[in-house]
Structures are given as structure tokens and as C-alpha cells.
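Here the structure is laid out as C-alpha cells; the discussion comes afterwards.
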2 protein chains.
Amino acid sequence: MAHFFREKLKEKGLKVTPQRVAIYEAIVNLKNHPTAENVIEYIKLNHPNISVGTVYKVLDSLVENELLKKVKTEKDIMRYDAVLSNHHHLYCIETERIEDYEDENLNEMISNYFKNKKIKNFKVQDIKLQITGKFNK
Amino acid sequence: MAHFFREKLKEKGLKVTPQRVAIYEAIVNLKNHPTAENVIEYIKLNHPNISVGTVYKVLDSLVENELLKKVKTEKDIMRYDAVLSNHHHLYCIETERIEDYEDENLNEMISNYFKNKKIKNFKVQDIKLQITGKFNK
DNA sequence: TATCTAAAAGATAATCATTCCTATTTAAGA
DNA sequence: TCTTAAATAGGAATGATTATCTTTTAGATA
Ligand SMILES: [Mn+2]
Ligand SMILES: [Mn+2]
Ligand SMILES: [Zn+2]
Ligand SMILES: [Zn+2]
């Protein structure tokens with residue numbers, strides 16, 4: 001589980017520290033694309049002396065090294081994602097909930113569409129859907 | 001130009017103030033989905049006494065009343081959009097540039113796709129593409 | 001047109017997520 | 001085990017945003 005992560009750190013020349021492992025596991029376990037604060041709260045249970053600055057620095061460096069991604073939101077609080085595979089997001093219009101949405105057919109349809117239809121003056125690297133709406137219940 | 005805006009304010013029961021008009025025009029003219037700071041800088045040219053708090057308050061209330069939209073980003077600085085029609089965004093991976101992308105065929109294709117393919121436990125209200133990549137120079 | 005008043009703007013302090021700084025600790029290679 | 005560059009802890013600083021309080025004003029009314 002954390003083995004993949006340790007290997008990735010080594011690949012990138014980053015030291016394997018308990019803080020980095022804990023922060024990564026927090027993101028994986030918390031689901032719902034947690035904030036730095038969510039991560040700190042979660043980690044403090046088992047790792048009470050972690051420093052806030054460390055959490056922010058680690059999150060930043062993991063994003064930099066492509067072990068995490070940031071999620072685009074309309075808030076000034078950053079949220080993080082441990083799912084690196086190509087997927088989309090469901091944004092709840094009444095809560096802060098953000099869920100993953102995987103859909104291989106959709107990916108293919110969009111990728112086909114942009115194989116023909118080029119956008120002028122723009123080289124596409126990645127396409128994600130932000131699907132806003134309401135969760136049932 | 002600003003006539004539409006004045007009418008909309010009245011509809012919503014909001015007073016038509018010079019500050020609101022100036023802020024709205026700033027967003028329209030600046031393009032590139034400006035930040036509050038961009039707006040303040042722009043407005044100060046013709047309206048030197050505007051208060052920072054007013055700008056934030058007005059932006060908030062215009063979003064609330066659906067005269068502006070927020071743009072989703074990975075930064076803790078909010079950006080605003082005066083284009084209300086259904087459109088997508090091109091995000092530059094190396095600069096802060098965000099451009100509008102309108103594509104009626106694309107909208108139709110996606111809308112058709114989700115007419116059949118329902119997402120379980122989720123009622124879709126709006127779908128936008130965030131297209132990341134690079135602008136040609 | 002002058003008067004009235006709730007809403008809005010201005011000025012400035014407070015908040016709080018994030019960043020910065022630096023002394024101390026530690027992962028990991030020799 | 002020793003060494004050292006990298007990382008962490010702890011606390012101060014930053015800066016976008018929000019809150020508070022006073023003054024002004026848009027627009028309704030007489
Ligand atoms: Mn954001
Ligand atoms: Mn901030
Ligand atoms: Zn995700
Ligand atoms: Zn736009």
C-alpha cells in the first residue's frame with residue numbers, strides 16, 4: 001500500500017520520512033479530496049508532533065513530484081487528490097463534497113473528438129470534466 | 001453594454017451604484033478571468049477612491065446573484081468570469097492565462113452522452129471541461 | 001424637488017490559510 | 001559508526017479575504 005509510495009519517493013530522490021508517509025496515507029484514506037487542515041487533523045491522531053509547515057511543504061513537494069494532484073475548486077482552500085489515473089470530478093453544489101468519476105467510454109469519446117477538432121493556438125495536454133450537481137440523499 | 005447589467009441589478013433588487021457598474025465593466029474588459037486585485041488596479045484608474053472591501057463585497061454579491069461566476073483554479077486567489085453562457089476553459093500549464101473555449105458541437109456531444117449514461121446517486125446540473133495545456137507562444 | 005431610510009461604500013482592523021525562517025533532527029550513503 | 005545534505009519543528013510573517021463600524025447614497029416617497 002505505502003510500498004508504491006516509498007518506491008516513488010526514492011525514484012524522485014526524495015527521502016522516505018515518517019511524515020511523508022503519514023501525509024500520503026492521510027490523503028489516500030480520507031478520500032473526498034481533503035484539505036491540508038483535514039490532513040493535519042487526521043495525522044495528529046497517530047503523529048501528534050507533526051508541524052503544520054511540514055504538512056504544507058510535503059503536500060507541495062508531492063504535487064511537484066507528481067505523487068499527488070491539486071483539485072481545482074472555487075475556494076481559497078487547497079484540496080488534494082491521491083488518485084493519479086485519468087478521472088473526472090463530481091462537485092456537490094450544496095456541500096463541499098467532491099467525488100471521483102471514472103468513465104472509460106467518456107474518456108475515449110472526448111479523446112476522439114479532440115483528435116479531429118483541434119483548438120487553435122493551444123496544445124491540449126489533459127482534459128477533465130467538472131461535473132456540478134447534487135448527490136442523492 | 002452596461003445596460004444589461006443595470007437591468008439585471010434592478011431585477012435582483014440591488015441598487016445601481018457606480019462601484020458595481022465599474023467592477024462589472026472591469027471584469028468584462030479585463031478578459032482573462034481577473035482576480036479581485038486585477039479589478040482593483042483597473043478601477044483605480046478612473047475611480048481612485050474605491051475601497052478594497054467594497055470590491056470583494058460586490059464581487060461576492062454579483063456571484064451570489066448570478067451576474068458573475070467564479071472560475072475554478074488550483075490557487076488560493078479567486079478569479080471571476082463575466083461570461084455566463086455555457087463555455088469551457090483553457091488553462092495554461094506555464095502561466096496564469098485562462099481562456100474561454102466555446103464549442104457547441106462538444107456541448108451537444110456531452111449532453112447526449114449523459115442523456116443515456118446516468119451517474120448513480122448524482123443529479124447533473126452543469127458540465128464544464130477544464131482543458132489544460134500550452135498556448136502557442 | 002426635498003426628505004427619508006435601508007442599503008451600500010469607505011476605512012481599517014481582524015482572520016486564517018499558507019509561507020517563511022532558522023535551529024535542530026534525521027535519512028541514508030560512505 | 002560517521003558525515004552531511006535534506007527534512008522537520010516551532011514560531012513569526014504574509015497576504016488575500018472578511019468583519020466591523022461609521023458615513024454616504026440610491027431610490028422610494030411625499
Ligand atoms: Mn481555488
Ligand atoms: Mn491566502
Ligand atoms: Zn479525484
Ligand atoms: Zn470563462
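Just so we're on the same page: letters track the sequence lines, and every chain starts at 1.
Distance, A:Y56 OH to D:dG15 C1': 14 Å, rounded to whole Å. The interatomic distance linking A:M78 (CE) with C:dT19 (C1') rounds to 12 Å, in whole Å. The distance from atom CZ of B:R20 to atom C1' of D:dT24 is 14 Å, rounded to the nearest whole Å. If you measure from atom NZ of B:K70 to atom C1' of D:dT17, you get 10 Å, rounded to the nearest angstrom. Look at CG on A:D60: it is 10 Å from C1' on C:dT18, rounded to the nearest Å. As a whole-Å value, the separation of B:E64 CD from D:dT18 P is 12 Å. Rounded to an integer number of Å, the gap from CG of A:L59 to P of D:dA7 is 15 Å.
Not a single donor-acceptor pair under 3.5 Å links the side chain of A:T132 to the backbone N or O of B:Q125. In terms of modelled atom types and a separation under 3.5 Å, the side chain of B:N65 and the main chain of B:L67 share no donor-acceptor contact. Checking side-chain atoms of A:R20 against main-chain N and O of A:K15 turns up a donor-acceptor pair under 3.5 Å.
Between B:H33 and B:H87, the two ring planes are parallel [angle under 30°; tilted spans 30° to 60°].
Rotation axes derived from the C1' atoms of the five outermost pairs at either end of the helix from C:dT1-D:dA30 to C:dA30-D:dT1 lie 40° apart, to the nearest 10°.
Evaluation of the side chain to side chain donor-acceptor pair (under 3.5 Å) rule for B:D60 yields no partner, not counting sequence neighbours. Annotation: side chain to side chain contact (heavy atoms under 4.5 Å, CB included) contacts of A:R97 (sequence neighbours excluded): A:N32, A:C92, A:T95, A:E99, A:F135. Shown here are the side chain to side chain contact (heavy atoms under 4.5 Å, CB included) partners of B:Q19, two or more places apart in sequence or in another chain: B:T17, B:H47, B:I50, B:T54.
Residue-environment remark: NZ (A:K123) stays at or below the threshold of 12 foreign heavy atoms within 6.0 Å. The neighbour count for B:E7 CD, taken as heavy atoms of other residues, nucleotides or ligands under 6.0 Å away, is above 12.
Of the residues A:K72, A:K75, A:K69, the one that meets the salt bridge (Lys or Arg N to Asp or Glu O under 4.0 Å) test with B:E74 is A:K72.
For DNA chain D, the neighbouring residues in residues 31-50 of chain B, judged by any heavy atom under 4.0 Å, are B:A36, B:E37.
In this structure, B:K8 is not positioned above the aromatic face of B:Y24 in the sense of NZ or CZ being under 6.0 Å from the six-membered ring centre and within 45° of the axis.
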### Query
Along nucleotides 20-30 of chain C, 5' to 3', which nucleotides get a B, which get an S, and which get a -, given that the test is a protein heavy-atom distance under 4.0 Å?
BB-----BS--

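If B:G13 and A:V52 are placed on DNA chain C by their nearest nucleotide, the residue sitting closer to the 5' end is B:G13.
With hydrogens and angles left out, the side chain of B:S51 and the base of C:dA9 share no donor-acceptor pair within 3.5 Å.
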